[in-house]
Every structure is written in structure tokens, then in C-alpha cells.
There are 2 protein chains.
Amino acid sequence: MQITRAGEYGIMGLIHLARRAPGQVAMIEEVSHSEHIPKSFLAKIFQHLVKVGLVRSVRGAGGGFVLARDPTQITVLEIIEAIEGKIVFQRCLQDEPECEHFGGCALCGLFEQAQDGMREVFMRTTLKDLIERQDRMEAKGPTSSPITNVATLPEAAK
Amino acid sequence: MQITRAGEYGIMGLIHLARRAPGQVAMIEEVSHSEHIPKSFLAKIFQHLVKVGLVRSVRGAGGGFVLARDPTQITVLEIIEAIEGKIVFQRCLQDEPECEHFGGCALCGLFEQAQDGMREVFMRTTLKDLIERQDRMEAKGPTSSPITNVATLPEAAK
DNA sequence: TATACTGAAGACGAAATTTGTCCGATTGCC
DNA sequence: GGCAATCGGACAAATTTCGTCTTCAGTATA
């Protein structure tokens, strides 16, 4: 019950891209080094993002990756699902037409509800939002309590 | 990014207990067989539930397990967290005081938000709710579409 | 054209987690 | 005491995660 590192790395990589001037490419090497992500692993993750159309790749010397859309138009949900596949709590929600839940599908209904709640959060958060949040936190001072009361109240933060 | 089978089995096991007359014990053997859950696995899962105080165990001949509280007083969240541990998307939300997220903890904030959304759903759903939902579905006929529009509207259901 | 530099794609493998199984110890009823 | 049940931990198979490596393909530059 965790977001995998792949998903986490993907988000961090895209944040890195989004922070550059629009249209400016960044090499895997650069992103990997600056974000402390294993290079080969990041390369593979970016391939998913290219395939889904979130970033464009430029091959050859002087190549690299660029964000394909504006950071305000990329949601965290897109990123995560591009990398980890569709967020799904239970097998029977997956695709099989017939549910194998012996307890009846009350469970499926519940799980669906829960996962929708989660997806909703990721869907309404864009890359741009993340960057702004990051900047705001940095401004407040890095030595303050790192976790508490950061963003439990979405409305207030916005 | 899935609820594990252990968690699923745990919920189904408790539903089984809850359906019995209050105070009546059920053996692992019975629950396991009726819910199609591997016996040894279920036994281990129930141990967690005993430790947390959701069920009481009766040892010796004629023993088994009983629900320790009323089904209206047991939330799905308690069950899941008893078995899988606290629901936590990211390492830095876990317990370590210092966050290791190089991207700044904007990510942690977001993940916390998402996981809270999910926990909220599980927290407001009790064993009793699940059973009622199950009964309602059974009444409507087992051959109908298994997934759709079951419980996406919590208020309406209640 | 040759070469150096970049990503693309997939095979491979180590490590961690999930999903169980097994067996002896313990506890309590008869 | 004997039987019936859980307790608790060691063990193991399967799956997933995490990451590396190698080979190939495309592009810019000399």
C-alpha cells in the first residue's frame, strides 16, 4: 500500500523538467544526478512518460527530454498512472468481467470508493501546484518541522 | 498500490463472524472453508485482529473466535491497519523525523492528503455497513452487473 | 561520411514483499 | 490426562519492486 519509488522518481523528474525554461531540454544524466535518482532506472521511467505523451524526447547529441505540455496541464494522476498503471485496489475492479469475490462485491464497492477518493486528490493537483508548494515551503525555512500541518487542508493552502 | 489479500481476507473473516449470533464462536476451520481462505493463513491474520482487540479468541476444545465489539463499532480502517500496518504512502510520512525527499516535502504533503482521503472512506465504513451493502446486493440478484454504481454515493446509501 | 552523443527497448538479476505452509508449544474444556 | 483448539515463529514459494546492462536507433557536428 505505497506509491512505488518509480512513481515518486517520475514526479520528481517531471518537476525538474518543469523548472527549466519552456522548451529547454534536460538530459537524463542531469536530472538523475540532481535529483539523486539512479540513471538507468530514471531512463526507463521516462520512457513510460514519453509513450503517454507527457514528455517529448530528443535523441542524438544535444538531446534530452522536454515537457510536452504546460505544467498547469499535467496532473499528478497522469504521471502516476503512466508509470504504475491504473490505480486499482482490487483485482475484481481491474478488468475481468466477473468478480471473484466470495463475500459478494460489497468489498469492491468500498474499495472503489476509497480509490476514487485518492485519485481525486491526484487528479486535481498539477505539476505547477507541486512546484508552488515546494517554493512556498522552501521560503518558510528548511529547518522547520518537516512534516506537520503542511497540506492537510487543501482549501486553506490554495 | 493494492490492498493485500491478507487485508481482504481479514475483512471477509470478520464479516463472517459478524453474521453469527452475538457471542457465538466460530472456528478457523469453518470461516476458512466457507470464505475460501487458506486455513493457516487466516489463522495468522486473526492473530493480528486478536492482538488489536477486534476479536477475542477462545482456546481449548469448543473454542474459536468471537467479535469483541458490535459490528457497528468496528471500522474497516481498524481492520486493515491491524493487518497491514498503518496506511502510509511514503517513507517520510512513516516515523523518521527527518524527511529524505530531495524534491522538498511537497510530495509528502500531497501523499498525505491522498492517503487521508482514502483512510476517511475506510474510517466511516463499519462492518455493519458492509454486511448491509452485501445483503442489498444479494437481494437485487447476483447476475446483474457486478461492479457498477454500487456505492459511489455514500450518503445515498446510508 | 565518421564519430560521438543521446535516448529506446528489452533481457537480466538482486532484493524485498506477499502469500502462504508447517510444526511444536500452549491453553483450556471434558 | 487427553483432546481440541489457538499461538507463535520458522520456513518457503511466488510475485513485485528496484535497478543494471547491453544492444540498437536517431541526430548533430567535424
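Just so it is clear: chains get the letters A, B, ... in the order the sequence lines come, proteins before strands, and each one is counted from 1.
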Cut-off 3.5 Å, no hydrogens considered: what does the side-chain donor-acceptor table look like for residues 53-79 of chain B, sequence neighbours left out?
from, atom 1, to, atom 2, distance (Å)
B:Arg69, NE, B:Gln73, O, 3.4
B:Arg69, NH2, B:Gln73, O, 3.0
B:Arg69, NH2, B:Glu78, OE1, 2.9
B:Arg69, NH2, B:Glu78, OE2, 2.7
B:Asp70, OD2, B:Thr72, N, 3.0
B:Asp70, OD2, B:Thr72, OG1, 2.6
B:Thr75, OG1, B:Glu78, N, 3.2
B:Glu78, OE1, B:Thr75, N, 3.1

Atom pair distance, as rounded to whole Å: CD in B:Glu30 and P in D:dA5: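 Spelled out: CD on B:Glu30 to P on D:dA5 is 11 Å.
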
Quickly work out the B:Ile28 CD1 to D:dG8 P distance and round it to whole Å.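 Rounded to the whole Å, the gap is 13 Å.
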
Atom pairs under 3.5 Å, N or O on each side, protein against nucleotides 18-21 of chain D: can you list them with distances?
from, atom 1, to, atom 2, distance (Å)
D:dC18, OP2, A:Arg5, N, 3.0
D:dG19, OP2, A:Tyr9, OH, 3.4
D:dT20, O4, A:Lys44, NZ, 3.0

Got a second to check how far B:Leu17's CG is from B:Leu127's CG, nearest 0.5 Å?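 So the CG of B:Leu17 and the CG of B:Leu127 are separated by 9.0 Å.
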
Between the main-chain N or O of B:Phe89 and the side-chain N or O of B:Gln115, is there a donor-acceptor pair closer than 3.5 Å? yes

Common cluster, A:Val50/A:Ile15, ILVMFWY with side-chain heavy-atom separation under 4.5 Å: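 A:Val50 and A:Ile15: one cluster.
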
Do A:Leu107 and B:Phe41 belong to the same hydrophobic cluster, where Ile, Leu, Val, Met, Phe, Trp and Tyr are linked whenever their side-chain heavy atoms lie under 4.5 Å apart, directly or via other members?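 Linked within one cluster.
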
N/O contacts under 3.5 Å, protein versus nucleotides 22-25 of chain D?
from, atom 1, to, atom 2, distance (Å)
D:dA25, N3, A:Arg59, NH2, 3.0

Taking side chain as C-beta onward, heavy atoms only, is B:Phe122 less than 4.5 Å from A:Phe111? yes

Measure the shortest side-chain to side-chain distance between A:His33 and A:Lys39 over non-hydrogen atoms and say whether it is less than 4.5 angstrom.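 Side chain of A:His33 against side chain of A:Lys39, heavy atoms only: no contact under 4.5 Å found.
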
Salt bridge or not between B:Arg20 and B:Glu30? Use side-chain N to carboxylate O under 4.0 Å.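 Answer for the salt bridge query: yes.
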
Quick one: is B:Ser57 getting a side-chain N or O under 4.0 Å of the D:dA5 phosphate, OP1 or OP2?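 Answer no for this pair, as no side-chain N or O of B:Ser57 is under 4.0 Å from OP1 or OP2.
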
The side-chain hydrogen bond (donor to acceptor under 3.5 Å, both in side chains) partners of B:Glu84 (sequence neighbours excluded) come to B:Thr4

Would you indicate what A:Phe65 reaches in the nucleic acid, counting non-hydrogen atoms under 4.0 angstrom: base, sugar-phosphate, or nothing?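 Since only primed, P, OP1 and OP2 atoms lie under 4.0 Å of A:Phe65, the category is sugar-phosphate.
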
Tell me every residue that passes side chain to side chain contact (heavy atoms under 4.5 Å, CB included) with B:His48, counting only those two or more places apart in sequence or in another chain. none

Mind checking which nucleotides bracket the chain B contacts on DNA chain C, 5' to 3', with an atom under 4.0 Å from a heavy atom? C:dT19 to C:dC29

